[in-house]
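Counting convention: from 1, in listed order, for ligands and their atoms alike.
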Amino acid sequence: MNILNRRPWELNERDVTPEGVFLNRRKFMTGLVAAGTALGAGLHMCPAFAEEDPSAGLYPVRNNPAFTVDDRPMTDKDEAYTYNNFYEFGSHKEISEAAQALPIRPWTIAIDGMVEQPQTIDIDELLKKMPLEERIYRHRCVEAWAMVVPWSGFPLAELVKLAKPTSGAKYLRFETFHNPSVATGQKQSWYPWPYIEGLTIEEATNDLAFMATGVYGKPLAKQFGAPLRLAVPWKYGFKSIKSIVRISFTSERPVSFWEQIQGKEYGFWANVNPSVPHPRWSQASERLLGTNLRRNTVIYNGYEEQVAHLYKDMKGELLFM
Ligand code: MTE
């Protein structure tokens, strides 16, 4: 696999998908065969995600016009529902059917670590407490594809308030479920399951940091990371961890899933920047999913005004990888 001589628009997403970094050729080929099989199955797949979600009555929620995207079209819903990264269900994009195996009720979220009082909260209780709204966000994968998605959910800052972190807490560490019996990707022992991500408290309490519980006016479909996922649109998509079961407040910077696998390519900060290429491909432009359009990538994915101040005094940090 030599992607260095190709131009970005010639890249196949499977070439740049992070797992290609570390899998040996044999494992990689196995992955490709599995991807091919899933793709074949996908030809007969209808995007019917029928199971009723108990939170369905809450949606659609009020749109917040302060968060919108006006320079590119909303991504086609069917496209967004069937093109996902969720390695727990496979290291390819066609995981939407496999993800339906994930039981999402009962579902609890542990809030622990450096907080006044650790608690475990049921998702439906959490939904009752939180101010739900819809926000239209850009979503930019490190693999150089992008979407515009109408998330429903609540500001992460509200959850931080509920958690009451103690004064020494500097970071949030997020953890996805671990259940290899339904998520067959988690049987692959070379991945450091469960999926982990992290933010600083300042990032988590920024206005843009959002906990998504719905999408396209409906409860979050499982392939998007139901029932609760992060949406931090100024960062590469791998920071937006899905199907969260634990949020821990810590004084130490968490090591994320991809950082643990390949820290030289996927760092803690992962802020979008067109001028800082991934070690193996350019980040200068992006493909708009569901179209043939390419657009120039924008610093902080277009959210510079809202977030650049978070980083202005940081020296010696790799803010853009
Ligand atoms: N969260 C978990 N638990 N597992 C994953 O594999 N993939 C990440 C992120 N969150 C991932 C995850 C990556 S690489 C991206 S680009 C986005 O989810 C994809 O989100 P989407 O499928 O809703 O577009």
Side-chain angles (χ1 to χ4, degrees), residues 13-14 16-21 31 35 47 49 74-99 102 104 107 109 137-153 173-180 182-186 188 191-199 210-216 218-247 254 256-262 265-267 270 272 278 283 286-290 301:
E13 263 88 37
R14 286 195 186 91
V16 299
T17 201
E19 106 276 14
V21 175
F49 305 106
M74 180 92 78
T75 301
D76 175 71
K77 181 179 172 191
D78 290 344
E79 191 72 33
Y81 270 65
T82 52
Y83 188 93
N84 306 95
N85 272 336
F86 204 168
Y87 278 67
E88 285 81 346
F89 296 99
S91 52
H92 50 87
K93 305 292 182 264
E94 296 80 17
I95 54 76
S96 56
E97 281 209 332
L102 178 67
I104 56 166
W107 189 279
I109 300 112
Y137 272 179
R138 292 162 175 255
H139 172 44
R140 170 59 154 85
C141 181
V142 73
E143 298 164 345
W145 52 263
M147 295 197 224
V148 175
V149 189
W151 300 117
S152 307
R173 176 189 183 275
F174 299 86
E175 188 177 316
T176 294
F177 71 87
H178 189 216
N179 185 353
V182 295
T184 52
Q186 291 184 327
Q188 297 179 332
Y191 291 104
W193 306 113
Y195 200 99
I196 302 294
E197 259 308 335
L199 293 177
F210 199 59
M211 297 304 296
T213 60
V215 70
Y216 290 93
K218 297 254 160 60
L220 211 53
K222 294 180 181 184
Q223 61 270 37
F224 285 105
L228 184 70
R229 63 96 52 90
L230 183 63
V232 278
W234 70 99
K235 293 178 177 285
Y236 291 116
F238 66 87
K239 295 291 297 183
S240 290
I241 181 172
K242 298 182 168 184
S243 303
I244 296 166
V245 294
R246 179 178 301 275
I247 303 175
S256 65
F257 181 79
W258 289 113
E259 198 180 356
Q260 204 174 323
I261 293 166
Q262 184 54 285
E265 300 195 355
Y266 307 100
V272 174
H278 182 278
Q283 295 291 20
E286 58 205 30
R287 180 171 72 85
L288 303 191
L289 199 66
N301 202 24

>> Checking A183 now: which residues fulfil side-chain contact (heavy atoms from CB on, under 4.5 Å) with it, not counting sequence neighbours?
In response: E88, F89, F177, Q186
>> Check contact between S243 and ligand 1, using heavy atoms of the residue and a distance below 4.0 angstrom.
In response: no
>> Under 4.0 Å, heavy-atom basis, I'd like to know which part of H139 is in contact with ligand 1: side chain, backbone, both or neither.
In response: side chain
>> Closer than 4.0 Å to some heavy atom of T176 - which atoms of ligand 1 meet that?
In response: 3 (N)
> Any sub-3.5 Å donor-acceptor pair from K242's side-chain atoms to T176's backbone N or O?
Replying inline: no
> Which option out of N85, T82, N84 puts a heavy atom nearest to atom 7 (N) of ligand 1?
Replying inline: N85
>> Which label fits Y87 and W258: parallel for a plane angle under 30°, tilted from 30 to 60°, or perpendicular past 60°?
In response: perpendicular
>> Applying a heavy-atom cut-off of 4.0 Å, say which part of E88 lies close to ligand 1: side chain, backbone, both or neither.
In response: side chain
> What atoms in ligand 1 come closer than 4.0 Å to a heavy atom of M147?
Replying inline: 24 (O)
>> My understanding is that only residues two or more places apart in sequence, or in another chain, count here; which of them pass side-chain contact (heavy atoms from CB on, under 4.5 Å) with P219?
In response: D53, S55, A56, Y59
> Does the distance from a Lys or Arg side-chain N to an Asp or Glu carboxylate O, for K235 and E197, drop under 4.0 Å?
Replying inline: no
>> Under a 3.5 Å cutoff, is there a donor and acceptor pairing between the side chains of N85 and K93?
In response: yes
> Which of the numbered atoms in ligand 1 are below 4.0 angstrom from a heavy atom of W145?
Replying inline: 24 (O)
>> Please give me the minimum heavy-atom distance between S243 and R229, naming the atom from each residue.
In response: N-CB, 4.2 Å
> Which word best sums up how the rings of F257 and Y195 line up, parallel for under 30°, tilted for 30 to 60°, or perpendicular for over 60°?
Replying inline: parallel
> If you count the atoms of ligand 1 from 1 in the order shown, which ones are under 4.0 Å from a heavy atom of I241?
Replying inline: 1 (N), 10 (N)
> So which of Y87, Y195, F257 gets nearest to atom 8 (C) of ligand 1, if we judge by its closest heavy atom?
Replying inline: Y195
> Taking the minimum heavy-atom distance to atom 22 (O) of ligand 1, which of Q223, R140, K242, Q186 ranks first?
Replying inline: K242
> In ligand 1, which numbered atoms sit nearer than 4.0 Å to a non-hydrogen atom of C141?
Replying inline: 16 (S)
>> Pairs of nitrogen or oxygen atoms closer than 3.5 Å, one from R229 and one from ligand 1: do any exist?
In response: yes
